[in-house]
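Single-structure report; data block below.
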Amino acid sequence: MLTAIELAKKGELSVQPNPMVGCVIVKGEEIIGSGWHKMYGSHHAEVNAINDCLKKFGIENGKKLLRRSHMFVTLEPCSITNNTPPCTNKILEYEISKVTYGAKDPNPKIFGKGLRQLKSKGVTVEPSIFKDECQTLLKIFAVNQLKKRPFISVKIAVSSDGFLAPTKATKQHFISGAKSRSNVQSIRKKHRAILIGGNTLRIDQPSLHIKNQKIKNSDQPVKIILTNRNPSKTQLKNLMGSYSRIIFVSNKKILVPVKENIENLVIEKIGKPFLHDLLKKLLAQKISSILVEPGQVMFQLFQKHNLIDELIVFRSNTCLKDGLPPMQSSVDFENYLKRLTLVTSEKIGSDIKSTFKI
């Protein structure tokens, strides 16, 4: 199963809004086939593992090896037709006799159904001892399915005394070091969209682009900006410096360039209804995960309405002594962190990067 988990991770950047899934098929002590879900809409991990066996050993020998073999798969095999036929059909077709699964499918249409179907046909089904590791692979997909919204990561940088920025910042002020800012590129790459507010747009005037020549324009995250003001020429120039989709979200229609990759999404609601309506619409567009890079107001908005699934904090050794804390006060923020589950903590240059699960 550990091999299957590592295989699943290979699909991290390409399978959303589907989950990462890995699969290994064993006969005796030998791995006869392995695979992972490589791209949204393409074959699932189980089918790729079966095909791997048939390719390596030939169709006839492969079929013989698959008969009464043992499949290890990180996610319950699907039992419905969506973009691809049910994987349970393939398992039964090749007479695989045992399936060890990592986690049940959180999709209510599938949850346990595939396992029951296999059991009813005589296949031995058992859960893996690596359930937690397999559940981690599903964190984005599970939120999509159960909460009906994108998975929300929030990334902030704070000074050693807990401030996001000076009180009256009029231009971009770097709290974290260069190595941390480089690390943010890899965080952005794992999300389908990056979201900022109007203040961040006006003060930082960011491009929100992943600075990696290996990433195609079509794979760049969608840029989402929440603002009721018309963007300036300079702001637009920075955002449009490299091609990617841009969505300006506002309560009223604003002036944006008429281009196929730029949209003004108008949602007239405010507060929690505004955010819920927005997130519902974004998920419908297959935006399954969003990295929010907030200022003070945006952080408090998402925190207040319990819309943060993962919090990434870069703690600098810089001391501001005064400034804008993420919450009402730096003490409130520190108390908030104590209520969260620390997942990882590592040193990035002179900063400490901590990831929390909400």
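Index from 1, following the sequence.
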Query raised in the report: Does any N or O in the side chain of D105 come within less than 3.5 Å of the main-chain N or O of F111, such that one atom is a donor and the other an acceptor?
Result: no

Query raised in the report: Is the number of heavy atoms from other residues, nucleotides or ligands under 6.0 Å of K131 NZ greater than 12?
Result: no

Query raised in the report: Is a side-chain donor or acceptor of S153 paired with a backbone partner of E310 at a separation under 3.5 angstrom?
Result: no

Requested in this report: Mind checking the SG-NZ spacing from C53 to K27? Nearest 0.5 Å is all I need.
Outcome: 8.5 Å

Query raised in the report: Hey, does the side chain of Q16 reach the backbone of K190 with a donor-acceptor pair shorter than 3.5 angstrom?
Result: yes

Requested in this report: With the side chain counted from C-beta on, respond yes when F299 and L324 share a heavy-atom pair under 4.5 Å apart, and no when they do not.
Outcome: no

Report task. Quick one: pull up CG in L283 and CG in L278 and give me the separation to the nearest 0.5 Å. Result -> 11.0 Å

Query raised in the report: How long is the gap from OH on Y336 to CE on M327, to the nearest 0.5 Å?
Result: 7.0 Å

Query - Close side-chain approach of F302 and I290, heavy atoms under 4.5 Å - result: no

Query raised in the report: Going through the distances and angles, do H43 and N51 end up as a side-chain hydrogen bond (donor to acceptor under 3.5 Å, both in side chains)?
Result: CA-CA 10 Å; H43 290 313; N51 289 342; 4.5 Å; no

Report task. Please lay out, stage by stage, how F248 and L239 fare under the test side-chain contact (heavy atoms from CB on, under 4.5 Å). Result -> CA-CA 11 Å; F248 287 94; L239 290 171; 3.8 Å; yes

Report task. Only one of K353, R188, K155 passes side chain to side chain donor-acceptor pair (under 3.5 Å) with N183; say which it is. Result -> K353

**Report entry** Q300 side, atom CD; D332 side, atom CG - distance, nearest 0.5 Å
**Finding:** 9.0 Å

Query raised in the report: Roughly how far, to the nearest 0.5 Å, is the CG atom of L265 from the CD atom of Q285?
Result: 7.0 Å

**Report entry** Step-by-step side-chain contact (heavy atoms from CB on, under 4.5 Å) determination, V222 to R192
**Finding:** CA-CA 6 Å; V222 178; R192 279 284 171 259; over 6 Å; no

**Report entry** Neighbour count above 12 (heavy atom, 6.0 Å) for Q328 CD
**Finding:** no

Query - Side chain D309, main chain F151, donor-acceptor under 3.5 Å - result: no

Query raised in the report: Ignoring hydrogens and geometry, is there a side-chain-to-backbone donor-acceptor pair from K223 to S207 under 3.5 Å?
Result: yes

Query raised in the report: So, does D52 use its side chain to make a donor-acceptor pair with the main chain of S34 at under 3.5 Å?
Result: yes

Query - K148, NZ: over 12 other non-hydrogen atoms inside 6.0 angstrom - result: yes

Query raised in the report: Are side-chain heavy atoms of K90 and H44 found at a separation under 4.5 Å?
Result: no

Query raised in the report: Backbone N or O of S354 within a donor-acceptor pair of the S345 side chain at under 3.5 Å?
Result: no

Query - Side-chain donor-acceptor pair present, Q117, S79, cut-off under 3.5 Å - result: no

Query raised in the report: Just checking, any donor-acceptor pair under 3.5 angstrom between side chains of D351 and S180?
Result: yes

Report task. Evaluate whether atom NZ of K56 has more than 12 neighbouring non-hydrogen atoms of other residues, nucleotides or ligands under 6.0 angstrom away. Result -> yes

Query raised in the report: Quick one: does T136's side chain have a donor or acceptor within less than 3.5 Å of a partner on D132's backbone?
Result: yes

Query raised in the report: With the threshold set at 4.0 Å, does a side-chain nitrogen-carboxylate oxygen contact exist between R315 and E334?
Result: yes

Requested in this report: Determine, for E263 against R245, whether the closest basic-nitrogen to carboxylate-oxygen distance falls under 4.0 angstrom.
Outcome: yes

**Report entry** Whether T74 side chain and G22 backbone form a donor-acceptor pair below 3.5 Å
**Finding:** yes

Query raised in the report: Is there a donor-acceptor pair closer than 3.5 Å between any side-chain N or O of S128 and the backbone N or O of Y101?
Result: no

Report task. Assess whether side-chain hydrogen bond (donor to acceptor under 3.5 Å, both in side chains) is satisfied between T200 and E293, documenting all intermediate values. Result -> CA-CA 9 Å; T200 300; E293 300 188 359; over 6 Å; no

Requested in this report: Under the side-chain contact (heavy atoms from CB on, under 4.5 Å) rule, what do T227 and S250 come out as? Steps first, then yes or no, please.
Outcome: CA-CA 5 Å; T227 181; S250 56; 5.9 Å; no

Query raised in the report: Hey, any chance I156 and I348 share a hydrophobic cluster, counting ILVMFWY side chains that come within less than 4.5 Å of each other, even indirectly?
Result: no

Requested in this report: Begin with the C-alpha distance, continue with both residues' side-chain angles, and end with the deciding distance and a verdict on side-chain contact (heavy atoms from CB on, under 4.5 Å) for H209 and S244.
Outcome: CA-CA 8 Å; H209 212 70; S244 62; 4.1 Å; yes

Query raised in the report: So, K9 and E12, do they make that salt bridge, N to O below 4.0 Å?
Result: no

Query raised in the report: Is the shortest heavy-atom distance from the side chain of I267 to the side chain of P273 under 4.5 Å?
Result: no

Query raised in the report: What distance separates K253 NZ from E268 CD, expressed to the nearest 0.5 Å?
Result: 12.0 Å

